[in-house]
Amino acid sequence: AQKVTQAQTEISVVEKEDVTLDCVYETRDTTYYLFWYKQPPSGELVFLIRRNSFDEQNEISGRYSWNFQKSTSSFNFTITASQVVDSAVYFCALEGYGSSNTGKLIFGQGTTLQVKP
Amino acid sequence: GAGVSQTPSNKVTEKGKYVELRCDPISGHTALYWYRQSLGQGPEFLIYFQGTGAADDSGLPNDRFFAVRPEGSVSTLKIQRTERGDSAVYLCASSYYATGGNEQFFGPGTRLTVL
């Protein structure tokens, strides 16, 4: 079975602080994809990043960076110099490939990030 | 371009009634997905279509739930004999293909409340 765990339910930081959102996953698929989505107060899920299981290279996009470690089955997300606009619920998700898990995203429970001015 | 649209945005119904929720995917997207999100939870997979056929309906909770996509574009999620536990936000998403790893673009959702 596939599973995604986001142990942090809520995080509160002050603007300009760095914050890391944790994601741990479980899968028996040898090929899989990991995603992060942002759900702002408006409610619509916004895609942030996708990684495949063969690419463990970390990625940086502006203030966002992602650390993928297969050895610990983790795909953590760091926001540097957080801003109030980063306040949202963040979801980590997993999709298998080449199995019955293809085509469906398995989401974690989400981490609510509050950035205070 | 236009994103995924869902109608209605809100639906209030009484226990035992029948409801239909509609999803218009992004033009050209062959795959369409339905998820359900309860308060404080992540979205939960229900069903997905590749073209007109349901490729995987393993997430539908019971036979009161049914979805169609007759022409490979618009999809309707149908819920019979609604129960209070069906109250949630129903999300629709679409992608170019459903072969794995494709970005799914989500709509704003339909908030269903069963009284």
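Proteins come first, then strands; the chains are lettered A, B, ... in the order of their sequence lines, and each starts at number 1.
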Among the listed options B/A93, B/G42, B/P43, B/S58, the residue most often paired with chain A at heavy-atom distances under 4.5 Å: B/P43
Could you tell me how the ring of [X] sits relative to the ring of [Y]: parallel (under 30°), tilted (30 to 60°) or perpendicular (over 60°)?
{"X": "A/Y33", "Y": "A/F35", "value": "tilted"}
{"X": "A/F68", "Y": "A/Y25", "value": "tilted"}
{"X": "A/F107", "Y": "B/Y35", "value": "perpendicular"}

Test: B/R84 and B/D86 ion pair at under 4.0 Å: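 Salt bridge: no.
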Salt bridge present between A/E56 and A/R51 (N-O < 4.0 angstrom):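 No, no charged N to carboxylate O under 4.0 Å.
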Region of [X] that comes under 4.5 Å of a non-hydrogen atom in chain A:
{"X": "B/Q104", "answer": "both"}
{"X": "B/S95", "answer": "neither"}
{"X": "B/L91", "answer": "side chain"}

Distance-only donor-acceptor check, side chains A/Q109 and B/Q41, under 3.5 Å: yes
Which atoms of A/Y32 approach chain B - backbone, side chain, both or neither, heavy atom under 4.5 Å: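 The answer is neither part of A/Y32.
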Interface moiety of A/Q39 toward chain B, non-hydrogen atoms closer than 4.5 Å: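 Only the side chain of A/Q39 comes within 4.5 Å of chain B.
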Top contributor to chain B interface from A/G103, A/G96, A/C92, A/G43 [non-hydrogen pairs under 4.5 Å]: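 Ranked by heavy-atom pairs under 4.5 Å with chain B, first place is A/G103.
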